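Bear in mind that the values here come from a model prediction, so they are computed numbers and not experimental data.
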Amino acid sequence: MTQPVVQLRRRGFGETMRRDAWWVPPLGVFAVLSSFLAYATWAAFQNANYEYGNYLSPFYSPLIFGPPPHGWFAHAPRWLAAISPALLILPFPAGFRFTCYYYRGAYYKAFWADPPSCAVGEPRNTYLGEKKLPLILQNVHRYFLYFALLFLLILGHDAWQGYRFTDASGATHFGIGVGSLVLTLNVCLLGGYTLGCHSLRHLVGGYLDRFAGRPARKTAYDCVSCLNRGHMNWAWASLFWVAFTDVYVRMCAMGIWHDWRIL
């Protein structure tokens, strides 16, 4: 019995048989990521209102060159004096997020329409993969992970400093302000996102064929996998909160918001 030959036709851009609102998720990703990128770029070039007392904005941490108590070095070299401190450090956390396995899938759809969504036609006929420029640069994600882990320690120190207040006599004592909790939650959310990274799961044991006789590796792998299962939620929550943390410090430094002391 002969079988009829079915000719397959490539879908045109946006063409699909789906009846659901498939365009809503990529549109939401486009709006949120664009807003974050616009605000982060604006905040990085401000070079002002990034510290308030013992609070330091995560967009400017570590503050390599700046006055105490947050600055590591009081004076920058002459050729760096006119550059915002944020521009010296933001490329590292930005590189970690940009090459993140989850974010790739999100912005490939939202910004590049590659494809716009599952079973929806895309505006290109070939797929180059991640073996050529520029997408081959995505493979440096595992190296940005090392910087992200280091930044997590630095931000943890900043959060601890957020509980150390200096009174009028110059003495430092423990206290809790709303900003202290904002900085602490920022580290917790970034920790959940960073420590659930796919590359970290591979490093702690994902490359092994079996865990028999390796209880420490098995425990570390299970912990990272637990966070990894919610990687998307950690990614969005930490993205929102790191921006809000900068907003909070900035508003307090400008005198628009008042940091309420709990203790």
Side-chain angles (χ1 to χ4, degrees), residues 26-52 55-66 70-72 76 80 82-112 134 137-138 140-141 143-159 162 179 182-194 196-197 231-254 256-257:
L27 180 61
V29 170
F30 179 85
V32 174
L33 282 182
S34 296
S35 299
F36 177 82
L37 290 173
Y39 175 77
T41 302
W42 174 84
F45 278 96
Q46 290 304 294
N47 196 13
N49 300 315
Y50 53 82
E51 55 185 342
Y52 176 73
Y55 302 153
L56 177 64
S57 165
F59 284 179
Y60 286 77
S61 181
L63 185 60
I64 300 177
F65 301 106
H70 301 294
W72 289 9
L80 281 177
I83 298 178
S84 171
L87 299 179
L88 301 178
I89 57 97
L90 278 183
F92 298 102
F96 179 68
R97 283 194 184 263
F98 183 76
T99 59
C100 168
Y101 297 133
Y102 163 71
Y103 277 117
R104 294 186 204 181
Y107 67 71
Y108 277 18
K109 294 178 180 179
F111 287 85
W112 298 347
L137 298 178
Q138 302 280 27
V140 301
H141 180 63
Y143 304 109
F144 277 117
L145 170 65
Y146 302 135
F147 289 104
L149 293 172
L150 177 60
F151 273 68
L152 201 59
L153 295 176
I154 295 172
L155 293 175
H157 177 266
D158 291 342
V182 170
L183 291 173
T184 300
L185 184 55
N186 182 55
V187 175
C188 292
L189 293 176
L190 287 175
Y193 169 58
T194 305
C197 173
H231 201 48
M232 178 184 73
N233 297 328
W234 288 112
W236 287 114
S238 61
L239 185 78
F240 168 80
W241 201 258
V242 73
F244 176 76
T245 304
D246 178 83
V247 170
Y248 186 86
V249 175
R250 187 173 301 278
M251 293 295 101
C252 289
M254 296 173 65
I256 299 175
W257 291 355

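The list of salt bridge (Lys or Arg N to Asp or Glu O under 4.0 Å) pairs with a residue in residues 82-101, not counting sequence neighbours, is empty.
Summarising the geometry, atom OH belonging to Y52 is positioned 15.0 Å from atom OG belonging to S57; distances are rounded to the nearest 0.5 Å. With values rounded to the nearest 0.5 angstrom, F30 atom CZ is found 9.0 Å from S35 atom OG. Atom CZ of F59 and atom CH2 of W42 lie 10.5 Å apart (nearest 0.5 Å). With rounding to the nearest 0.5 Å, the separation of CZ in R250 from CD1 in I256 is 10.5 Å. Atom CG of L37 and atom OH of Y39 lie 13.5 Å apart (nearest 0.5 Å). Distance check, rounded to the nearest 0.5 Å: CD1 of I89 to CZ of F151 gives 5.0 Å.
Considering all non-hydrogen atoms of both residues, T99 and Q138 come closest at CA-OE1, 3.3 Å. Counting all heavy atoms, side chain and backbone alike, P91 lies closest to A86 at CD-O, 4.4 Å. Nearest heavy atom pair, residue H141 against residue R104, reads CB-NH2, 3.9 Å. Contact detail for P85 and N47: the closest heavy-atom pair is CD-OD1, 3.0 Å. The shortest non-hydrogen separation linking V187 to L152 is O-CD1, 4.0 Å. Closest approach of A110 and P26 over heavy atoms only: CB-O, 3.2 Å.
Residues C252 and Y55 are not in side-chain contact: their nearest non-hydrogen atoms beyond the backbone lie 4.5 Å or more apart. Counting only heavy atoms from C-beta outward, the side chains of L88 and L80 approach each other to under 4.5 Å. By the 4.5 Å heavy-atom criterion applied to side chains, L145 and L149 are counted as neighbours. By the 4.5 Å heavy-atom criterion applied to side chains, V242 and D246 are not counted as neighbours. Residues L56 and V249 have side chains not in contact (no heavy-atom distance under 4.5 Å, counting atoms from C-beta outward). In this structure the side chain of S61 reaches within 4.5 angstrom of the side chain of L155, judged on heavy atoms.
Ring geometry for H231 versus Y193: interplanar angle under 30°, hence parallel rather than tilted (30 to 60°). Ring-plane geometry between F144 and F147 is classed as tilted, the angle between the planes lying from 30 to 60 degrees on a 0 to 90 degree scale. The aromatic rings of Y50 and Y60 lie parallel to each other, with less than 30° between the two planes, well short of the 60° mark.
The number of heavy atoms from other shown groups lying within 6.0 Å of CZ (F111) is above 12.
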> Going through the distances and angles, do W257 and V247 end up as a side chain to side chain contact (heavy atoms under 4.5 Å, CB included)?
Replying inline: CA-CA 10 Å; W257 291 355; V247 170; 4.0 Å; yes

> Step by step, would you call L239 with L33 a side chain to side chain contact (heavy atoms under 4.5 Å, CB included)?
Replying inline: CA-CA 9 Å; L239 185 78; L33 282 182; 3.9 Å; yes

>> Please determine whether side chain to side chain contact (heavy atoms under 4.5 Å, CB included) holds for the pair N186 and V182, giving the CA-CA distance in whole Å, both sets of side-chain angles, and the decisive distance to 0.1 Å.
In response: CA-CA 6 Å; N186 182 55; V182 170; 5.7 Å; no

> Given the rule in the side chain to side chain contact (heavy atoms under 4.5 Å, CB included) test, do L189 and W234 qualify, once you have shown the distances and angles that lead to the verdict?
Replying inline: CA-CA 6 Å; L189 293 176; W234 288 112; 3.8 Å; yes

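A donor-acceptor contact shorter than 3.5 Å links the side chain of S238 to the backbone of A235. Side chain of T245 to backbone of L183: no donor-acceptor contact under 3.5 angstrom is found.
For the ring-ring contact (aromatic ring centres under 6.0 Å, His included) test, residues two or more places apart in sequence or in another chain that qualify with Y108 are W112.
Partner of W236 under the ring pair (Phe, Tyr, Trp, His ring centres under 6.0 Å) criterion, chosen from F36, W241, Y103: Y103.
Less than 6.0 angstrom separates the ring centroid of F98 from the ring centroid of Y107.
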